[in-house]
Amino acid sequence: MVEEKNKLLLIDGNSVTFRAFFALHNSLSRFVNHEGLHTNAIYGFKNMLDSILTKVNPTHILVAFDAGKTTFRTEKFTDYKGGRAKTPSELSEQFPEIKNLLEGYGIKTYELKNYEADDIIGTLAAKAEKKNYDVVVVTGDRDLTQLTTDKITVAVTVKGVSEIEEYTPSHVEEKIGLIPEQIVDMKALVGDTSDNYPGVTKIGEKTAIKLLKQYGTLDGIYKNIDEMKKSKMKENLIREKEIAYLCQDLAEIRKDAPVEIDLEETEWTGKNIEKLVTLYQKLDFRKFLSQLKAESSEQLDIFESKSNIEFTELTEENLNDIKISDNDEIVFNLEIDGENYHTAEIIGFSIKIGDKYLVSDDIDLLKKKQIKNLLESDEVEVDLFDGKRQYVGLNRLGVTLSKINFDLLLVSYLLDNSENSNDLGLLAQQHEYYDVESDEQIYGKGAKHAVPEDKEVLFEHLVRKVKAINNLKEKLFNELEENQQLDLYTKIERPLSIILANMEIAGVKVDSNRLETMQSELKERLSELEQEIYNEAGEEFNLNSPKQLGVILFEKLKLPVIKKTKTGYSTAVGVLEQLRGMSPIVDNILQYRQLAKIQSTYIEGLLKVVSKKDGKAHTRYTQTLTSTGRLSSVDPNLQNIPVRLEEGRKIRQAFVPSHPGWEIFSSDYSQIELRVLAHISKDKNMQEAFKEGMDIHASTAMRIFNVDSPDEVTPNMRRQAKAVNFGIVYGISDYGLSQNIGISRKQAKQFIDTYLDTFSGVKDYMEKIVEFAKENGYVETIFNRRRYLPDIKSRNFNLRSFAERTAMNSPIQGSAADIIKVAMINMQEMLKEKNLQAKMLLQVHDELIFEAPTEEIPLLEDMVPKVMDSAVKLDVPLKVESKHGQTWFDTK
DNA sequence: TTTCTCACG
DNA sequence: ACGTACGTGAGAAAA
């Protein structure tokens with residue numbers, strides 16, 4: 001076996017603790033334990049530690065702390081770190097607990113009289129480097145980047161402590177423009193306000209970098225000082241030479257501090273679970289306690305051990321013990337071994353009847369009348385987890401699940417859509433129920449995924465699942481009621497789950513031959529384009545690699561760099577479009593990109609997921625994912641089939657009816673989000689436009705461009721007004737708008753101001769909704785769907801701005817999602833009532849797609865819009881447009 | 001696994 | 001001064 005390489009993690013304990021404290025400063029009052037001790041810094045520190053441990057995976061760790069106020073630096077310069085505000089007591093009381101935490105983690109801490117944590121780190125890093133260790137330093141202090149070398153990486157916390165920026169020598173150079181060794185000299189010239197040493201008068205970072213680039217070092221500068229042109233700066237440099245060298249001395253992190261600790265002593269041997277449990281209990285860290293429990297494989301007495309649970313294996317013999325008449329409510333779980341429940345193997349099931357738990361891996365038992373009747377009875381209510389999944393699974397066995405009462409997954413999503421897992425065990429934990437494990441713990445993950453060999457293990461897991469569902473039912477129902485969300489659940493989401501199940505089961509027919517024909521055509525065109533691009537580039541490269549493409553465009557062909565990404569040059573469409581005309585290669589790349597996307601995602605991707613059994617695509621709608629209440633569609637995603645460009649739109653020719661003599665029929669809401677906005681903002685002007693049936697974008701254009709008649713609105717004015725309308729819905733910013741329609745920021749701001757002046761109701765709404773979110777911590781839709789916005793009070797400008805835009809957008813997008821959901825439920829009802837053959841197949845956010853016999857089309861043309869526009873009564877009318885044709889492509 | 005790019009509303 | 005539009009999923013490359 002290869003010996004693992006030593007990797008030393010050094011953490012600046014003081015600096016990280018400070019950062020953690022101030023990052024969670026606005027939640028200070030929420031982080032207080034039962035003894036009145038503040039815990040925010042400990043909490044933040046712990047999170048940082050976990051993420052860095054996962055990321056770095058060190059063999060050795062040490063956390064260094066400052067020993068006290070006086071150090072060798074204060075001796076040299078009395079005012080060093082002078083004038084600093086006193087550490088607040090809410091923070092200083094947390095230091096001992098942080099040291100306890102580290103002890104629990106099995107991590108050495110160290111402090112050294114007369115030296116700062118930095119010097120301990122510098123010294124140990126140098127020692128370790130000599131012994132060929134890799135070293136990672138974590139700190140909140142950018143000055144430590146002076147330590148970076150090929151072996152030493154410095155990770156500086158940004159945005160509190162949750163994210164880090166890693167400095168390697170090349171990153172230092174890129175970011176600051178100096179090599180690591182020059183940082184000290186820069187500090188010598190610039191000084192440091194927080195450490196309170198001055199540097200040379202009038203020299204800031206810019207000047208210092210310029211000087212160091214020219215002369216290399218501080219010594220270099222003074223050696224050549226006579227050659228410098230006469231200037232104030234030169235005078236300052238000469239006069240304050242002594243100060244500069246003093247500051248250099250202060251800034252330099254020592255690599256020879258008398259640290260009395262050997263590298264071997266910092267070896268990390270792992271956590272002491274018992275110590276951590278005691279600490280977490282003291283600090284009231286309930287979430288961490290349960291995490292700890294989840295990650296420690298051994299059974300430990302310190303956790304309340306799992307309850308004993310008794311259950312019976314169900315067999316043909318004892319099947320008759322089940323009596324339907326005695327029970328009007330059961331808890332049921334069908335276990336399907338894989339995400340895609342349309343195809344994955346069904347491996348078992350468990351039921352709670354009365355106070356008995358039954359379990360089996362014999363799927364055929366479900367088809368027997370004793371159980372089938374129970375599940376299909378409209379008298380027996382079933383509690384479960386993920387009703388849609390259960391319904392589809394049972395459907396594959398010929399069983400039609402009839403009456404769902406409590407769906408743990410769905411209810412939990414409605415209560416809080418931000419922390420939602422699809423795993424019953426994890427979800428239960430979030431609701432503080434710990435008597436069931438996560439699927440990952442039982443089955444493993446990735447390549448190691450396997451059904452447990454021991455049948456008892458599987459059985460116990462399945463039984464614990466139904467027990468968890470049962471135990472959480474009352475509590476979560478109560479929470480729904482408190483939030484006034486019971487109707488949202490019983491009248492919208494729960495019935496919708498069954499409708500979605502049936503849409504998924506029905507599937508949509510795909511004409512694979514059509515796709516294959518397109519595939520071979522595209523293949524040819526792509527290879528032609530490829531050749532042409534290689535010719536123009538003068539070499540062959542991987543066209544699908546943005547990195548390689550960047551090198552060709554911006555280095556070899558020397559095209560101007562418009563935008564950079566985190567890792568290199570951006571080659572996104574917007575960038576390429578600006579480069580058009582500079583080289584013929586650009587147009588070809590754009591063309592290639594467009595076709596390659598169609599080929600890989602839509603032709604090959606789609607062909608892969610078409611069922612061999614029935615030639616259909618059976619998507620899965622994720623009903624409990626989005627934070628706004630929309631659905632999403634996976635495997636395949638049928639909500640993003642191309643439509644905007646003709647070339648891509650042809651993909652829709654492959655979506656066909658499943659019977660001859662049928663057609664595809666589609667209806668969509670026109671501008672539903674703007675109508676919702678008109679409704680909830682109660683803006684008079686906007687409502688009037690919709691009530692009068694005006695073209696909303698043209699009407700907006702008239703107002704923001706101040707023209708009196710619709711005839712004066714040019715297509716360009718309308719286009720810009722449309723972008724403004726979209727911007728309003730998204731929570732507008734002048735920058736975003738300016739980017740979108742390619743105008744100046746100033747002009748964008750003017751558009752927005754004029755808009756908000758005329759649509760003052762909208763302006764009021766935007767202000768009020770942000771206010772509401774700040775007061776209540778959430779916003780909601782017209783049907784009380786909630787979205788929590790914890791960042792709305794953040795001190796971080798970006799986070800807060802984002803939360804504010806979300807507060808404006810979510811009620812709009814979410815209410816629109818609610819409305820189409822209601823329409824789907826009413827629509828399904830109507831199809832059944834009228835006894836139509838027509839089937840609802842797809843939902844694309846504001847559009848419903850059906851297949852139907854041609855003779856039913858006139859009926860649908862009348863019925864569907866009626867059902868959709870009457871789904872909810874708003875202050876403005878809803879408008880629905882319908883189309884139909886032989887394929888999805890032809891519905892236009 | 002993360003990043004970039006691009007398809008949709 | 002900050003650094004941006006809102007909500008998604010998938011494929012390919014690079015790590």
Side-chain angles (χ1 to χ4, degrees), chain A residues 54-55 159 417 445-446 541-550 563-576 589-590 592-606 608-609 619-622 625-645 647-649 651-652 668-673 677 723-741 745 748 752 779 787 794-814 816-817 820 842-847:
Chain A
T54 323
K55 200 162 175 188
K159 287 188 191 168
N417 51 30
K445 70 166 174 181
F541 62 100
N542 188 344
L543 254 171
N544 293 317
S545 158
K547 198 178 166 197
Q548 294 180 35
L549 180 62
K563 205 171 114 192
K564 285 197 145 199
T565 66
K566 264 183 272 175
T567 54
Y569 311 109
S570 168
T571 65
V573 188
V575 172
L576 295 182
I589 291 166
L590 282 166
Y592 177 89
R593 279 260 177 90
Q594 199 198 118
L595 299 184
K597 174 82 179 173
I598 296 171
Q599 178 80 303
S600 67
T601 305
Y602 295 105
I603 297 188
E604 285 167 9
L606 208 50
K608 256 185 261 174
V609 292
T619 186
R620 279 158 21 241
Y621 289 100
T622 333
L625 182 140
T626 69
S627 31
T628 53
R630 275 191 177 183
L631 302 175
S632 87
S633 155
V634 293
D635 211 10
N637 180 355
L638 293 180
Q639 291 182 320
N640 71 346
I641 302 301
V643 65
R644 290 172 197 170
L645 299 173
E647 197 77 50
R649 189 175 195 150
I651 292 291
R652 296 183 173 222
D668 68 292
Y669 284 111
S670 154
Q671 280 122 22
I672 186 164
E673 292 191 345
L677 175 60
V724 173
N725 278 331
F726 270 100
I728 292 291
V729 169
Y730 293 154
I732 201 152
S733 79
D734 49 5
Y735 179 86
L737 181 64
S738 73
Q739 287 296 299
N740 194 302
I741 49 178
R745 197 170 161 165
I752 295 165
V779 290
R787 176 166 189 182
S794 169
R795 279 181 186 30
N796 179 318
F797 177 87
N798 283 328
L799 289 180
R800 189 178 64 249
S801 305
F802 184 54
E804 284 169 1
R805 291 197 296 273
T806 314
M808 300 183 226
N809 170 267
S810 285
I812 302 171
Q813 194 183 113
I820 195 167
L842 302 171
Q843 188 253 43
V844 191
H845 310 307
D846 63 357
E847 181 183 10

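Chain letters run A, B, ... following the sequence lines, proteins first and then strands; every chain starts at 1.
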* Are the side chain of A:Thr619 and the backbone of A:Pro636 linked by a donor-acceptor contact shorter than 3.5 Å? -> yes
* Structure fact -> A:Tyr730 atom OH is separated from C:dG3 atom P, nearest whole Å, by 24 Å
* Asked: Taking all non-hydrogen atoms of both residues, which atom of A:Leu677 and which atom of A:Ile728 are closest, and how far apart?
  -> CD2-CG2, 3.6 Å
* Asked: Taking only residues two or more places apart in sequence, or in another chain, which ones meet A:Arg620 in a salt bridge (Lys or Arg N to Asp or Glu O under 4.0 Å)?
  -> A:Glu339, A:Asp635
* Side chains of A:Ser570 and A:Thr565, donor plus acceptor under 3.5 Å -> no
* Asked: With nearest nucleotides of DNA chain C determined for A:Asp635 and A:Ala723 from heavy-atom distances, which residue corresponds to the more 5′ nucleotide?
  -> A:Ala723
* Considering just the side-chain nitrogens and oxygens of A:Asn542, establish if one lies under 4.0 Å of OP1 or OP2 belonging to C:dA13. => yes
* Asked: When we call it a touch if two heavy atoms are under 4.0 Å apart, what does A:Asn637 touch: a base, just sugar-phosphate, or nothing?
  -> sugar-phosphate
* Pick base, sugar-phosphate or nothing for A:Leu625, based on heavy-atom distances below 4.0 Å to the nucleic acid. => sugar-phosphate
* To the side chain of A:Gln548, which of C:dA14, C:dT4, C:dG11 is closest? -> C:dA14
* Phosphate oxygens OP1/OP2 of C:dA15: is one of them under 4.0 Å from a side-chain N or O of A:Lys547? -> yes
* Asked: Looking at C:dA5, C:dA13, C:dG3, which one has an atom nearest to any side-chain atom of A:Leu737?
  -> C:dA5
* Asked: Between A:Gln739 and A:Arg745, is any pair of side-chain heavy atoms under 4.5 Å apart?
  -> no
* Phosphate OP1/OP2 of C:dG9 contacted by A:Ser632 side-chain N/O (<4.0 Å) -> yes
* Evaluate the side-chain proximity of A:Thr571 to A:Arg593: yes if any heavy-atom separation is below 4.5 Å, no if none is. => yes
* To do: Sticking with atom C1', work out how far C:dG3 lies from B:dC6, rounded to a whole angstrom.
  => 23 Å
* What is the nucleic acid contact for A:Arg644, judged by heavy atoms within less than 4.0 Å: base, sugar-phosphate only, or nothing? -> base
* Please identify each residue that fulfils salt bridge (Lys or Arg N to Asp or Glu O under 4.0 Å) with A:Glu604, with sequence neighbours left out. => none
* Check every strand shown and say whether A:Val844 touches a base, only sugar-phosphate, or nothing at a heavy-atom separation below 4.0 Å. => sugar-phosphate
* Asked: What integer distance in Å separates A:Tyr735:OH from C:dA1:P?
  -> 17 Å
* **Length of the CG-C1' vector between A:Asn740 and C:dA5, whole Å** => 8 Å
* Between A:Leu576 and A:Ile589, which heavy-atom pair has the shortest distance, and what is it? -> CD1-CG2, 3.8 Å
* Asked: Are OP1 or OP2 of C:dG11 and a side-chain N or O of A:Gln599 less than 4.0 angstrom apart?
  -> no
* Asked: How about A:Tyr592: does its OH atom have over 12 heavy atoms from other parts shown lying under 6.0 Å from it?
  -> yes
* Structure fact -> When rounded to whole Å, the CZ to C1' distance for the pair A:Arg620 and C:dG9 reads 12 Å
* To do: Answer with base, sugar-phosphate or nothing: what part of the nucleic acid does A:Asp846 contact at a heavy-atom distance below 4.0 Å?
  => sugar-phosphate
* Asked: Under a criterion of less than 4.0 angstrom to any heavy atom of chain A, what are the 5'-terminal and 3'-terminal contacting nucleotides of DNA chain B?
  -> B:dT3 to B:dG9
* Asked: Roughly how far apart, to the nearest Å, are B:dT3 and C:dT4 at atom P?
  -> 15 Å
* Integer-rounded Å distance: C:dA1 C1' and A:Asp734 CG -> 14 Å
* Value in whole Å for how far the P atom of C:dG3 lies from NZ of A:Lys566 -> 14 Å
* To do: Write down the distance separating the P atoms in B:dC4 and C:dA5, rounded off to the nearest Å.
  => 14 Å
* To do: Taking all heavy atoms of A:Ser810 and all of A:Val779, pick out the closest pair and write down the distance.
  => CB-CG2, 4.1 Å
* In chain order, what residues pass the salt bridge (Lys or Arg N to Asp or Glu O under 4.0 Å) check against A:Asp846, with sequence neighbours excluded? -> none
* To do: In whole angstrom, give the distance that lies between atom CZ of A:Phe797 and atom C1' of C:dA5.
  => 13 Å
* C:dT8 OP1/OP2 closer than 4.0 Å to side-chain N/O of A:Ser627 -> yes
* Sugar-phosphate, base or nothing in reach of A:Ile641, heavy atoms under 4.0 Å -> sugar-phosphate
* Checking all strands, does A:Gly605 fall into the base, sugar-phosphate, or nothing category for heavy-atom contacts under 4.0 angstrom? -> sugar-phosphate
* Asked: Shortest non-hydrogen contact from A:Ile820 to A:Glu847?
  -> CD1-N, 3.5 Å
* Answer yes or no: is there a donor N or O on one side and an acceptor on the other, between the side chain of A:Arg787 and the main chain of A:Ala807, under 3.5 Å? => no
* Nearest-Å distance for atom pair CD1/P, residues A:Ile651 and C:dG11 -> 13 Å
* Within residues 800-811 of chain A: residues closer than 4.0 Å to DNA chain B (heavy atoms) -> none
* Asked: Can you find a heavy atom in the side chain of A:Thr626 that is under 4.5 Å from one in the side chain of A:Leu631?
  -> no
* Asked: What base-paired stems does DNA chain C take part in, with at least 3 consecutive Watson-Crick or G-U wobble pairs and both distances under 3.5 Å?
  -> B:1-9 with C:6-14
